[in-house]
**Student:** 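Input: one structure, supplied below.
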Amino acid sequence: MQTEAIKQLHAPADDNVGITADDYYARGNAYRQRGDWQHAIDCYLEAISLDPNSPAVQAKQMLDNILDYYCKDIYNP
């Protein structure tokens, strides 16, 4: 699943039709592993919008906590 998510990281917008919450979650995980926090959060938010019970809820909360701890200036300029 991770390999497929990595292949889809930069898929054209037209290819995003029919992507499930699980696909966005896997894509978010692939971005997170690469250290691309913003794209990971965007994917997690898409997954959450499609399925409010997605594991992306916990993943996004985890990233929020990490960014809040390490990057306080992002939230409090």
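By convention here, the first residue in the shown sequence is residue 1. The basis for the numbers below is simple: all heavy atoms, side chains too, and nothing from hydrogens, waters or symmetry mates.
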**Student:** Under 4.5 Å between side-chain heavy atoms, counting indirect links through other Ile/Leu/Val/Met/Phe/Trp/Tyr residues: same cluster for Tyr25 and Ile41 or not?
**Tutor:**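 Linked, Tyr25 and Ile41 end up in one cluster.
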**Student:** Return yes if some donor-acceptor pair links the side-chain N/O of Asp23 with the main-chain N/O of Thr20 below 3.5 Å, else return no.
**Tutor:**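 Confirmed, Asp23 side chain pairs with Thr20 backbone.
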**Student:** At their closest point, which heavy atom of Ala21 faces which heavy atom of Ala47, and how far apart are they?
**Tutor:**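 In this case the closest contact between Ala21 and Ala47 is O-CB, 3.4 Å.
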**Student:** To the nearest 0.5 angstrom, please state how far the CZ atom of Arg32 sits from the CE atom of Met62.
**Tutor:**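 That separation rounds to 4.5 Å.
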**Student:** How many angstroms lie between atom CG of Leu45 and atom CG of Leu50, to the nearest 0.5 angstrom?
**Tutor:** 11.0 Å
**Student:** When rounded to the nearest 0.5 angstrom, what distance separates CD1 in Ile19 from CD in Glu46?
**Tutor:** 9.0 Å
**Student:** Any chance you could lay out the side chain to side chain donor-acceptor pair (under 3.5 Å) test for Gln61 and Asn65, step after step, and finish with the verdict?
**Tutor:** CA-CA 6 Å; Gln61 181 62 44; Asn65 290 339; 3.0 Å; yes
**Student:** Just by distance, no angles: are the side chains of Asp42 and Tyr24 close enough, under 3.5 Å, to form a donor-acceptor pair?
**Tutor:**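 No - no donor-acceptor pair under 3.5 Å links their side chains.
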**Student:** Rounded to the nearest 0.5 Å, how far apart are OH of Tyr44 and OH of Tyr31?
**Tutor:** 12.0 Å
**Student:** What's the separation between atom SG in Cys43 and atom CD in Gln38, rounded to the nearest 0.5 Å?
**Tutor:** 10.0 Å
**Student:** Kindly work out whether a path of hydrophobic side-chain contacts (I/L/V/M/F/W/Y, heavy atoms less than 4.5 Å apart) joins Leu63 to Val57.
**Tutor:**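 Hydrophobic grouping puts Leu63 apart from Val57.
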**Student:** Out of curiosity, Arg34 CZ to His39 NE2, how far, rounded to the nearest 0.5 Å?
**Tutor:**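 Between atom CZ of Arg34 and atom NE2 of His39 there are 12.5 Å.
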